[in-house]
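This report concerns only the one structure given below.
Count residues from 1 along the sequence.
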Amino acid sequence: ADFAATSTATTTATLIWNTNEPTTSKVLYGTTTPVTITSLIVANNTLLSAHSLALSGLLASTTYFALAASSDAAGNTATSSELSFTTLGE
């Protein structure tokens, strides 16, 4: 999955990725690495191949770490590599 942060602003960012079959969308994120199950989570349980999840309430001028997790209808799960992105300054 090509996992990327787009539309990064001072307090928001959108994370996008594609899967080769319809899957759920989940992003785990936080300001420390490695990202773990105790990190902040945003999710969408709709089965999609093109994923886009918006993060909000972020801190300005802050580096975040995130990973994407996707599960298909059979329950098979795939996880992306971790990425980092930095929100814009105020």
Side-chain angles (χ1 to χ4, degrees):
D2 297 324
F3 186 40
T6 65
S7 305
T8 304
T10 53
T11 61
T12 61
T14 300
L15 299 180
I16 60 170
W17 70 101
N18 294 309
T19 51
N20 62 0
E21 64 178 322
T23 64
T24 60
S25 312
K26 182 190 296 183
V27 169
L28 293 81
Y29 66 100
T31 55
T32 59
T33 183
V35 174
T36 66
I37 197 66
T38 59
S39 302
L40 298 167
I41 298 173
V42 62
N44 179 354
N45 289 324
T46 302
L47 297 177
L48 303 167
S49 296
H51 306 271
S52 176
L53 288 176
L55 308 184
S56 60
L58 305 177
L59 300 172
S61 302
T62 302
T63 298
Y64 283 86
F65 301 91
L67 61 83
S70 301
S71 297
D72 66 14
N76 301 307
T77 300
T79 304
S80 72
S81 298
E82 195 171 284
L83 69 76
S84 65
F85 63 92
T86 302
T87 52
L88 301 180
E90 294 195 46

- Item | Side-chain donor or acceptor of E82 paired with backbone N/O of V35 under 3.5 Å | yes
- Message: For A60, is there any backbone N or O sitting under 3.5 Å from a side-chain donor or acceptor partner on T10?
- Response: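 No: the side chain of T10 does not pair with the backbone of A60.
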Only distances under 3.5 Å count here; give the side-chain donor-acceptor pairs of residues 41-49 to other protein atoms, sequence neighbours excluded, each with its distance to 0.1 Å.
| from | atom 1 | to | atom 2 | distance (Å) |
| --- | --- | --- | --- | --- |
| N44 | OD1 | T46 | N | 2.9 |
| N44 | OD1 | T46 | OG1 | 3.0 |

- Item | Same apolar cluster (I L V M F W Y, side chains within < 4.5 Å links), L67/L55 | no
- If you group Ile, Leu, Val, Met, Phe, Trp and Tyr by side-chain heavy-atom gaps below 4.5 Å, do L88 and F65 land in one group?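 Each belongs to a different hydrophobic cluster.
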- Message: Test of understanding: with side chain to side chain donor-acceptor pair (under 3.5 Å), list the residues that count as partners of T77, not counting sequence neighbours.
- Response: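 Residues passing side chain to side chain donor-acceptor pair (under 3.5 Å) with T77: S71.
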- Task: Please name all residues satisfying side chain to side chain donor-acceptor pair (under 3.5 Å) with T62, sequence neighbours left out, ordered by chain then number.
- Result: none
- Query: Where does the angle between the aromatic ring planes of Y64 and Y29 fall among parallel (under 30°), tilted (30 to 60°) and perpendicular (over 60°)?
  - Reply: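 Plane angle between 30° and 60°, so tilted.
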Drop me the distance from [X]'s [atom1] to [Y]'s [atom2], to the nearest 0.5 angstrom.
| X | Y | atom1 | atom2 | value |
| --- | --- | --- | --- | --- |
| F85 | T6 | CZ | OG1 | 10.0 Å |
| T31 | L59 | OG1 | CG | 7.5 Å |
| I16 | H51 | CD1 | NE2 | 11.5 Å |

Heavy-atom closest pair, residues [X] and [Y]:
| X | Y | result |
| --- | --- | --- |
| S61 | T87 | N-OG1, 3.1 Å |
| V27 | A66 | CG1-CB, 4.1 Å |
| T8 | A5 | OG1-CB, 4.2 Å |
| W17 | A69 | CZ2-O, 4.3 Å |
| S70 | T23 | CB-OG1, 3.2 Å |

- Beyond-backbone contact of T19 with E21, side-chain heavy atoms, under 4.5 angstrom: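 Sidechains of E21 and T19: no contact.
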- Query: Is any side-chain heavy atom of F3 closer than 4.5 Å to a side-chain heavy atom of T79?
  - Reply: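 Not in contact.
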- Query: Quick one: do the T12 and S56 side chains pair a donor with an acceptor below 3.5 Å?
  - Reply: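 Looking only at side-chain atoms, S56 and T12 do not form any donor-acceptor pair under 3.5 Å.
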- Task: Take L28 and I37, measure what side chain to side chain contact (heavy atoms under 4.5 Å, CB included) needs, and give me the verdict at the end.
- Result: CA-CA 7 Å; L28 293 81; I37 197 66; 4.1 Å; yes
